[in-house]
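Data block below; observations after.
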Amino acid sequence: KPRSLCSLSAEFSAAGLDVPGSPLAGSQVTHTAHTASTYPQSALYPPSRYLHPDLHPDLHPGLQRRGASSCLCPLAECPPLGLESLRVDDNQLRASSVQRPGLGAHRGRLNIQSGIEEGDLYDGAWCAQHQDRQQWLEMDAVEMTLFTAVILQGRSSVWSWDWVETYKVQLSNDSIHWVPCMNGSQEMVFEGNRDQYTPVLGALATPTVARYLRINPQTWYINGTVCLRAEILGCRVPGQRHEADSGSKDGLDFRHHNYMEMRKLMREVSQQCPDITRIYTIGKSYNGLKLYVMEISDNPGKHELGEPEFRYIANMHGNEVLGRELLLNLMQYMCREYKRGNQRIVRLVTETRIHLLPSMNPDGYETAYEKGSELSGWALGRYSVEGIDLNHNFPDLNNILWDAQEVAAWGKTKVPNHYVPIPEYYTKEEAMVAPETRAVISWMQDIPFVLSASLHGGELVVVYPHDCTKDWAPKEYTASPDDSFFRWLATVYASTNLAMLNPDRRMCHVDDFQRTRNIVNGGAWHTVPGSMGDFSYFHTNCFEVTVELSCDKYPHVSELPQEWENNKESLLIYMEQVHRGIKGVVRDKMTRRGLADAIIKVEDHDHDIRTAADGDYWRLLNPGEYRVVAWAEGYLPAARSCRVGMEARATPCDFHLVKTPLQRLKDIRAKGGKVPQDLQLRLRALRFRKLRVTTKVLNQRREKQQQQQRRKA
């Protein structure tokens, strides 16, 4: 990323600039750039028609006369103007020519992705129709802007190799009169790309104030065409009528935190709120970085009977960093608001045990962090050090269950619809399972999580299970038994997210999720075997959705305050959904002891859950009346009707189970005690009942055989 400091000294004549683009008599501006590039660090900037007439020192105290050390832009570096993040609208982009509509100027955005079926309206770059040096991509910044750098990238394509190898830059105030970017007395030629995917920074030797900027390709890959994706860096000039800077008033630590900084921030939050926080680790990454979790609870370190467990997991893909920063912001915010007595936060902390894992893939993050937000590209740091996509690395329990159900259907037998065991091959040492994945699986097994969300980036949509399709279809709506509740969960997050709610936003890449209200079934989008969300649903009690937080996987630091505001309400209200449905404790009727691993079955829902170690359970359900059955090994099943209301408060639904006579007999004999007479009578009655049933079955079978013999005779 460019790291530039600029100084401006100016002398303006009393005469103004009558026509945009015409000279301003007597003006002379000098910019000094301090960059890591090899370009000259100082250059005179004589073409005064680039400068805006309103930049008069008397009007802007921050701009002082010659000899002053003031800076035109208050930032040490200028941020991206927003081609990738979509702050730049399509109508601000135009081009000299286009091959076809799907390769128009609106597609010339850094990291934009093409669809698999290229040739439609959503291809992966701007591509010129003509292959000559008169082609250009132009951006209208709308207001006067100090341009500092251009970032270029080749075309996103499975089938074509296209990129620009060298290019020039021109600037203008009116899009009619253009002046080239100079390097001293020579027109500057920027080095472009050598492959499709790696972003390359070209810093202007002289940061320049203008409204329009053009990228003018000079040479391109010999076997390709003129195609590019771009981002433009610049600072808004003071005094312009641009919209007020969006941001947050919460005063949180809005910056990107590497591993050491993340650990330091978590420790500071824990020190500020020692009574409600606890930091613990669930394992280590391949490179030995600890996977830190922040627990927030009024009784940290302990599972409380009847209190549900909630988790957020972020940064599973190392270069999808926004979720990581949002969770760091969330722990700061909850700590501060709890101390202030914010009743909503106090209620969450006292009634819920919350676990925040800000980085599941710290190794990948560090790789992306070294390059920075604009230069890390689309995939750098996504995978683990071993090259594993962690969201494909969990056991594929979907197909194991579906195959077993298909076989059982032939034999008319039943298979468990929950707590599907991990296959043996997956547990072997030579299995290609990342240490990060193993750590999270162990974490899931240790804590009875009820609800979760995995925070990703690169799109703007909430994805609900199933992620994997049946029969290996590339995409197909694959509903879970709890499809309606998952759609509710996804809608809760999406309907409160400010970015998703914006009706004027354009789609990120190729999918228009606004048509489905910013939610999508995972299988209907694209199949993901071995996803964490599906594994969580089939192997544990926990419901999990995936939140794609932003079109930009690695937003610039200047965008973090607004991203927090976009997601703050969504993060809070989603946590509150853990209190929907029914909850209770399954106990032994005689001893009042809680029963672990008791099965909770809701009729017409082909997905059961189990009780935790103390016998407590939580079953997420939409409002309605349900018949619920509780059963434990050695106990007679018990059933009752439970009603779920509209309010976000779980309905208590306890069960007291009675041991079967056979189990009571086993327990008594194990203790060497005498069998009570009433139990003896019950056992005798059960044996007689069983004898009558078996006798009836045998008689029916014998009669059927006799009838068949008569027909043959």
Side-chain angles (χ1 to χ4, degrees), residues 111 113 158 197-198 258-259 262 281-293 311-324 357-371 376-400 420 422-445 452-459 463 465-469 472 474 522-523 525-540 544 546-548 553-554:
N111 286 323
Q113 300 297 297
V158 178
Y197 305 111
T198 307
N258 63 19
Y259 177 74
M262 178 188 73
T281 65
I282 61 171
K284 293 183 178 180
S285 70
Y286 184 86
N287 282 343
L289 302 182
K290 294 181 179 179
L291 306 182
Y292 286 106
V293 177
R311 70 168 184 258
Y312 273 130
I313 298 178
N315 204 206
M316 169 183 264
H317 296 138
N319 64 333
E320 298 172 12
V321 307
L322 179 56
R324 174 185 176 117
L357 173 60
S359 185
M360 181 178 167
N361 185 3
D363 295 344
Y365 177 86
E366 294 299 307
T367 300
Y369 181 83
E370 289 178 6
K371 285 289 185 179
S376 58
W378 186 251
L380 182 67
R382 171 185 175 89
Y383 305 101
S384 72
V385 171
E386 300 170 279
I388 297 174
D389 186 329
L390 298 182
N391 203 34
H392 290 261
N393 197 223
F394 288 79
D396 177 11
L397 303 184
N398 302 54
N399 285 289
I400 291 175
V420 180
I422 296 174
E424 184 179 352
Y425 73 84
Y426 191 89
T427 62
K428 295 181 179 179
E429 290 186 9
E430 61 270 20
M432 194 63 175
V433 183
E436 297 89 343
T437 308
R438 294 181 187 273
V440 169
I441 290 176
S442 178
W443 186 39
M444 291 179 176
Q445 293 172 334
S452 170
S454 178
L455 307 183
H456 290 237
E459 257 298 351
V463 188
H466 291 310
D467 297 321
C468 182
T469 60
W472 303 100
W525 186 17
H526 59 267
T527 185
V528 182
S531 74
M532 183 169 67
D534 281 354
F535 173 81
S536 178
Y537 183 69
F538 282 123
H539 188 66
T540 74
E544 180 173 295
T546 299
V547 184
E548 300 283 351
K553 289 186 175 184
Y554 199 145

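Only this structure's heavy atoms are used, side chains among them; waters, hydrogens and symmetry mates stay out.
With hydrogens and angles ignored, the 3.5 Å screen pairs no side-chain donor or acceptor of Asn258 with any backbone N or O of Tyr369. Judged by distance alone, the side chain of Glu436 and the main-chain N or O of Tyr286 form a donor-acceptor pair under 3.5 Å. Remark: the backbone N or O of Tyr259 is paired with a side-chain donor or acceptor of Glu366 at under 3.5 angstrom. One N or O on the side chain of Thr527 and one on the backbone of Thr469 form a donor-acceptor pair closer than 3.5 Å. Side chain of Ser536 to backbone of Met532: no donor-acceptor contact under 3.5 angstrom is found. Formation of a donor-acceptor pair under 3.5 Å by the Asp467 side chain with backbone atoms of Pro529 is not found in this model. Between the Ser442 side chain and the Ala439 main chain, no donor and acceptor come within less than 3.5 Å of each other. Checking side-chain atoms of Asn319 against main-chain N and O of Ser376 turns up no donor-acceptor pair under 3.5 Å. Without hydrogens or angle criteria, Asn361 side chain to Asp389 main chain gives no donor-acceptor distance under 3.5 Å. A donor-acceptor pair under 3.5 Å links the side-chain atoms of Asp363 to the main chain of Asn287, judged by distance alone.
Note that the CD1 atom of Ile313 and the CZ atom of Arg324 stand 14.5 Å from one another [nearest 0.5 Å]. Here the CG-OH distance, from Asn111 to Tyr554, works out to 13.0 Å after rounding to the nearest 0.5 Å. Rounded to the nearest 0.5 Å, atoms CD (Glu459) and NZ (Lys553) are 10.5 Å apart. The line from OG1 of Thr281 to CG of Leu289 is 12.0 Å long, rounded to the nearest 0.5 Å.
The minimum heavy-atom distance between Glu386 and Pro435, with the atom names listed, is OE1-CD, 3.3 Å. When all heavy atoms are compared, the tightest approach of Glu548 to Gly458 is OE1-N, 4.0 Å. The shortest non-hydrogen separation linking Val463 to Gly522 is CG1-CA, 3.4 Å. The nearest pair of heavy atoms linking Ala368 to Gly318 is CB-O, 4.3 Å. Here the closest non-hydrogen pair linking Glu544 and Ser454 is OE2-CB, 3.8 Å. Closest heavy-atom contact between Cys468 and Asp396: SG-OD1, 4.4 Å.
Residues Tyr383 and Ile388 are not in side-chain contact: their nearest non-hydrogen atoms beyond the backbone lie 4.5 Å or more apart. Looking at Pro358 and Met262, their side chains come closer than 4.5 Å, going by heavy atoms from C-beta outward. Contact annotation: the side chain of Ser384 approaches that of Leu390 to within less than 4.5 Å [non-hydrogen atoms, C-beta and beyond]. Between Ile422 and Gln445, some side-chain heavy-atom pair lies under the 4.5 Å cut-off. The closest side-chain heavy-atom distance from Trp443 to Leu357 is below 4.5 Å.
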Using side chain to side chain contact (heavy atoms under 4.5 Å, CB included), reason through Val440 and Ile282 one step at a time and then give a plain yes or no. CA-CA 7 Å; Val440 169; Ile282 61 171; 4.1 Å; yes

Does Leu380 form a side chain to side chain contact (heavy atoms under 4.5 Å, CB included) with Thr367? I'd like the steps, not just the answer. CA-CA 7 Å; Leu380 182 67; Thr367 300; 3.8 Å; yes

Residue pair Thr546, Val528: steps toward the side chain to side chain contact (heavy atoms under 4.5 Å, CB included) verdict: CA-CA 12 Å; Thr546 299; Val528 182; over 6 Å; no

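Using the six-membered ring where Trp is involved, Phe394 and Phe535 have ring planes that are tilted, between 30° and 60° apart.
The environment of Tyr197 atom OH is dense: over 12 non-hydrogen atoms of other residues, nucleotides or ligands sit within 6.0 angstrom.
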